[in-house]
Amino acid sequence: IFEDGINEPNAENKVASTWAMNRTYLVYPINAVLQYHRLGKQERVNPEIPFEKVSLVLSDVSLTLSEAQYHDWIKLLEAVSRYKTYMEVSHLRPSVPISDAPYLWWQFAAQAALQQQQKCFRLSWDQIRHLCQHRRRYIQLYVASLKQSSNVDHAEMREIEKDLDSKVILLWRLQARAKVESVKSKVAAGEKKIQKKGWFSFKWRGDSEETSLDDASEGSEETLTKEELQAINNLLSYQPDEESVKLSSKDMQNMIQHMVTVSVGQAAARIINVNETEIVCGRFEQLHVSAKFRHRSVYCDLLLKFYGLSAPEGPLTQSVYSEQKVNALAASFVYLPIGENIDWRLSATIAPCNVTVLTESIDRMLEFVKRSKAVSPTVALETATALQESQSDEQRHNLYSRFYISGRDFAAFFTDCGSDFGSCSLVKPTYDSQIISSPQAKEADNAYSLIDRCGMAVLVNQIKVPHPSYPSTCISIQVPNLCVHFSPERFCRIMELLSILRKTMETCNQPTPDSLHSKLAPWSRDLVVDGRILVWKGIGNSVATWQTCFLVLSGSYLYVFETAESQSYQRYLSMAGKQVLEVPPTNVGGSPFCIAISNRGMDFQKALESSSTWILDFREEKEK
């Protein structure tokens, strides 16, 4: 199917086949060389020579993403996300239509929300004891079902399964199967000893097997025997490497078992908008990546010669070459380094680069993002970050993985160099690849320094386990010394820049009826309705007022828009861990259709007084 599009048409048949007509490549045909080398058992004597080595060489890689493909890809991610959520709670769904038993579907919604909520909290000792009892009982029932016993209580099994994750159910079933396989192996071993005892051995074998299976289901399930562990490994198709077992632990740590190297001569990626115009193009040259896999440790090295990002108006980002720094990027990553008490280590050296901000390119990119707002709620929530400037308490530190990133030589200035950024003497590299910042250069190029060179440290905290009360990502930016220059000339240039950005945003916010997806909803909407939301204003948020809005329920997230025609939402709320309360009309000035959304378990009166509670009013059609 793909060969017709890869091979050029010959002289006799210049017309492409039907398979290759109107084809839009996401990844263009690639020429590659792949080599695989494996040492024999007698040749594995040098620890620095890998047992297996894979080398992949790519000469040229070209990727092109059109706006339609981008839209379809985001829709695919949304569909996969919704399907994953559906599969996690599919066993809880009632088997009857909603019109026949609405209460069952309300129970399903509550159980599904509770199941998602249980993943965010640690278990108490009572919950652990309760789960252990469920585990013993479930294994007994499943062993009986494997025996095809007539007294199996399938309803009780389903009752236990409804509150469990699918992976936990699979693990318990594997343990039950392992016990059955262990008993069968013991019975088979006993049969070999009594093969010469005559006809009565058949009756004895049957009774012994039944008794052993009953003992396995009713006996001790706290520990697994070697036979049971071996049975689980067989079910999971896991077999340890015999050659690895024979080697000592010291030799295993030093030997390179596998090695993978990837080399790319050059690569480019482009984004094309609906008008077949290139928005941005990124490319790099001479990328070399190698990974060495030892017994437990992994060593990865990366070298990159050149990288750049450009737009039709000119270059946006481009690495600077110098004799001292031949590579634009050199990075090394080690997972579980030998002899060090750390989980992983990452080191990177980046050469200087030139960055140019072009308003035309920003305008074109914002228009592309505006037309392609088919972002699923899950993706939107994961990309949202909470910015914090203060130190967190000890409890929050335990919930997050911390990443520290530092840099130096950050500066900002205004210049009249235009799009040809590299020709400006202010940024020409010198013998030590540093940027000239002398007063003479400023006067010659009409450059006005806004922020002097400074260092910057960024602390990123990524949550380990999702929690509804804490943000998934916290970013803290620290600048030890910050020197800002201000003058009337600089003020005029700042205002001019803000005016350009404001005009760009206004242009992007204007509706574009001729766009590709202007008539499509931003994402799948399960429920849309006009309403009002209670907001607090005034000094100390002491005055409550109703604000009209447009509400959208998508999956387990509630979004608030200013109007139905708004392109972006004002706020959103995750319904996980929330409860919906009906508010009497006397509490909200006589409104008959008012609800409150608060944290689960909160008292009604406290929920109304809490600033985190959403109070919504749904008016009748005649009152709109």
Side-chain angles (χ1 to χ4, degrees), residues 2-8 16 20 22-34 54-74 76-77 260-291 300-322 325-331 348-369 371-372 418-423 427 429 516:
F2 287 97
E3 186 177 4
D4 294 336
I6 297 175
N7 294 335
E8 295 292 337
N22 301 324
R23 179 175 294 173
T24 302
Y25 286 106
L26 181 64
V27 180
Y28 283 82
I30 299 174
N31 294 328
V33 177
L34 177 66
V54 178
S55 300
L56 177 62
V57 179
L58 304 174
S59 58
D60 191 359
V61 179
S62 180
L63 291 82
T64 301
L65 179 66
S66 65
E67 189 165 342
Q69 291 171 335
Y70 173 77
H71 179 84
D72 293 340
W73 179 254
I74 294 299
L76 177 62
L77 292 180
V260 179
T261 60
V262 178
S263 300
V264 181
Q266 58 181 358
R270 301 188 304 160
I271 299 179
I272 307 297
N273 64 7
V274 66
N275 299 322
E276 299 298 330
T277 303
E278 181 181 290
I279 297 178
V280 67
C281 178
R283 66 186 185 91
F284 63 83
E285 297 178 359
Q286 298 185 20
L287 172 66
H288 300 281
V289 181
S290 64
C300 299
D301 295 316
L302 183 145
L303 294 176
L304 182 62
K305 185 77 172 182
F306 169 83
Y307 66 89
L309 186 67
S310 63
E313 293 76 19
L316 300 176
T317 303
Q318 184 172 330
S319 61
V320 178
Y321 174 81
S322 64
K325 294 182 178 180
V326 179
N327 297 309
L329 173 63
T349 303
I350 305 175
C353 65
N354 296 333
V355 179
T356 307
V357 179
L358 302 175
T359 56
E360 296 86 352
S361 303
I362 296 177
D363 187 9
R364 190 180 295 107
M365 178 59 71
L366 290 178
E367 290 180 356
F368 174 82
V369 175
R371 289 193 300 266
S372 304
S419 61
D420 190 9
F421 192 64
S423 62
V427 296
L516 179 62

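Only a predicted model underlies this, so the values are computations on that prediction, with no experimental measurement involved.
Here the CZ-OG distance, from R270 to S62, works out to 6.5 Å after rounding to the nearest 0.5 Å. Atom OG of S319 sits about 11.0 Å away from atom CD1 of I350, to the nearest 0.5 Å. I30 CD1 to D60 CG: the interatomic distance, rounded to the nearest 0.5 Å, is 8.5 Å. Taken from CZ in R364 to CD in E360, the straight-line distance is 8.0 Å, to the nearest 0.5 Å. Of the inter-residue distances, the one linking N327 atom CG with Y321 atom OH reads 9.0 Å to the nearest 0.5 angstrom. We find the OH-CD1 distance between Y70 and I271 to be 8.0 Å, quoted to the nearest 0.5 Å.
Listed by chain and number, the residues in a side-chain hydrogen bond (donor to acceptor under 3.5 Å, both in side chains) with S66 are Q69 (sequence neighbours excluded). Checked against side-chain contact (heavy atoms from CB on, under 4.5 Å), T349 has no partners two or more places apart in sequence or in another chain. In terms of the side-chain contact (heavy atoms from CB on, under 4.5 Å) criterion, residue partners of A311 (sequence neighbours excluded) are, by chain and number, E313, L316, S361. With sequence neighbours excluded, the residues satisfying side-chain contact (heavy atoms from CB on, under 4.5 Å) with S59 are N31. With sequence neighbours left out, the side-chain contact (heavy atoms from CB on, under 4.5 Å) criterion links A32 to L56, L58.
Here the shortest heavy-atom pairing between A351 and Y307 reads O-OH, 4.3 Å. Between T277 and N273, the closest heavy-atom pair is N-OD1, 2.7 Å. In plain terms, the two heavy atoms of Y28 and T64 that are nearest each other are CE1-OG1, 3.3 Å.
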Side-chain donor-acceptor pairs of residues 279-287 under 3.5 Å, sequence neighbours excluded:
residue : atom : partner : partner atom : Å
R283    : NH1  : E285    : OE2          : 3.0

Practice prompt. Go through L303 and D301 one step at a time and tell me if the side chain to side chain contact (heavy atoms under 4.5 Å, CB included) criterion holds.
Written response: CA-CA 7 Å; L303 294 176; D301 295 316; over 6 Å; no
